[in-house]
Amino acid sequence: MKNLSLAKWRSGEHSIGAWVNLPDLHVAENLARMQFDWLCFDLQHGLLSYSHLLALIPAISGTDTTPLVRVTDSNAGGIGRALDAGAHGVIVPMVETAEQAAAIAAACRYPPQGVRSCGPLRGTMLDGFDYLATANAEIASIVMIETAKGLENVEAIAATEGLSALFVGPVDLCFGLGITPGDFGNPAFTGAIARIVAAARNAGIAVGLFGFSPETAAAAKAQGFDFVSAGTDVAFMRLGATAALATASGVAGEARAGY
Ligand code: 3PY
Ligand code: MG
């Protein structure tokens, strides 16, 4: 198997993905054919269940778009299930300590580097018979920094052996900092972003951002992020529908990004 997004992050190339909240394989199929580097199927907050993943990941297989899954939490069983469904990487929310990060990195790798249990049924079907031999080097283990405690420990978390990337959840990070959700210009927020980016850079791993809007996504590269989501499937629909309705009616509507 080959993780094209991980290869980009390792070579310092910026990548842009999209977030999938809807359990419809046609949405995923379309997005994967629109040149996004990766799609993240969201089991934490999206309207998806594990059985949807089994259909959605094959819907983008064979394209150059990397399938990532945001799991519900750091439980090793859930991480193993997402990878066994064919994900090329997991994004784990609310990570707060280096011990947690180490357990996540281990859950993503087969022994001797980790503790992932062997069962590459879907991996072999989708990615070929070299799956078992190549998965440890290709699976991305990504942890979210989005709480006050996670930020406090970010340097130690970033230094964790086997971790591929940090990922910022901007709205939970606002909650963690005690500022208004969406107040992304607040110095407390911009300071936290600079600290997270520096921690990743110093540890030699990538750092990504959930793009709350196309505008915040566009600013991510200059802020030092290696990868960013341009939006969610639902937000794309809302933004496109608002623009279409405004053009057709001649009455401007309020475009709402976000989730
Ligand atoms: C956040 O903004 O906290 C996220 O996790 C994005 O989904
Ligand atoms: Mg979050």
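As the structure lists them, so they are numbered: ligands from 1, and atoms in each ligand from 1. Each residue takes its place number in the sequence, starting with 1.
- Considering just the N/O/S atoms of Asp172, the one nearest the Mg ion (ligand 2) carries the name OD2.
- Contact annotation for Tyr259 and ligand 1: only side-chain heavy atoms (C-beta onward) come within less than 4.0 Å of the ligand.
- Between atom CD1 of residue Ile60 and atom CG of residue Asn30 there is a gap of 12.5 Å, rounded to the nearest 0.5 Å.
- Looking from atom 7 (O) of ligand 1 to the surrounding protein, the closest heavy atom is Arg70 NH2, 3.0 Å.
- Remark: ligand 1 atoms within the under-4.0 Å shell around heavy atoms of Gly169 are 1 (C), 2 (O), 3 (O), 4 (C), 5 (O).
- Using a cutoff of 4.0 Å between basic side-chain nitrogens and carboxylate oxygens, Arg10 and Asp226 are not scored as salt-bridged.
- Remark: ligand 1 atoms within the under-4.0 Å shell around heavy atoms of Val171 are 1 (C), 2 (O), 3 (O).
- At a cut-off of 3.5 Å, with distance as the only test, a side-chain donor of Ser15 or Trp38 sits close to an acceptor on the other residue.
- For ligand 1, the atoms closer than 4.0 angstrom to any heavy atom of Asp172 are 1 (C), 2 (O), 3 (O).
- Heavy atoms of Gln44 found under 4.0 angstrom from ligand 1: none, in either backbone or side chain.
- Remark: the Gln44 side chain and the Thr72 side chain contain no N/O donor-acceptor pair separated by less than 3.5 Å.
- Side-chain contact annotation: His88 with Asp127, donor-acceptor N/O pair under 3.5 Å present.
- Distances below 4.0 Å separate heavy atoms of Met144 from the following atoms of ligand 1: 5 (O).
- Not a single heavy atom of His45 sits less than 4.0 Å from an atom of ligand 1.
- Salt-bridge formation is detected for the pair Arg70/Asp42: a Lys NZ or Arg NE/NH1/NH2 atom is positioned less than 4.0 Å from an Asp or Glu carboxylate oxygen.
- Close approach of ligand 1 to Glu146 (heavy-atom distance below 4.0 Å) involves ligand atoms 1 (C), 3 (O), 4 (C), 5 (O).
- Taking distance alone, with nitrogen or oxygen atoms compared against 3.5 Å, Pro170 approaches ligand 1 more closely than that limit.
- Remark: aromatic rings of Phe210 and Phe167 are distant, center separation not under 6.0 Å.
- Within Glu146, the N/O/S atom positioned nearest the Mg ion (ligand 2) carries the name OE1.
- The aromatic rings of Tyr110 and Tyr131 lie perpendicular to each other, with more than 60° between the two planes, well past the 30° mark.
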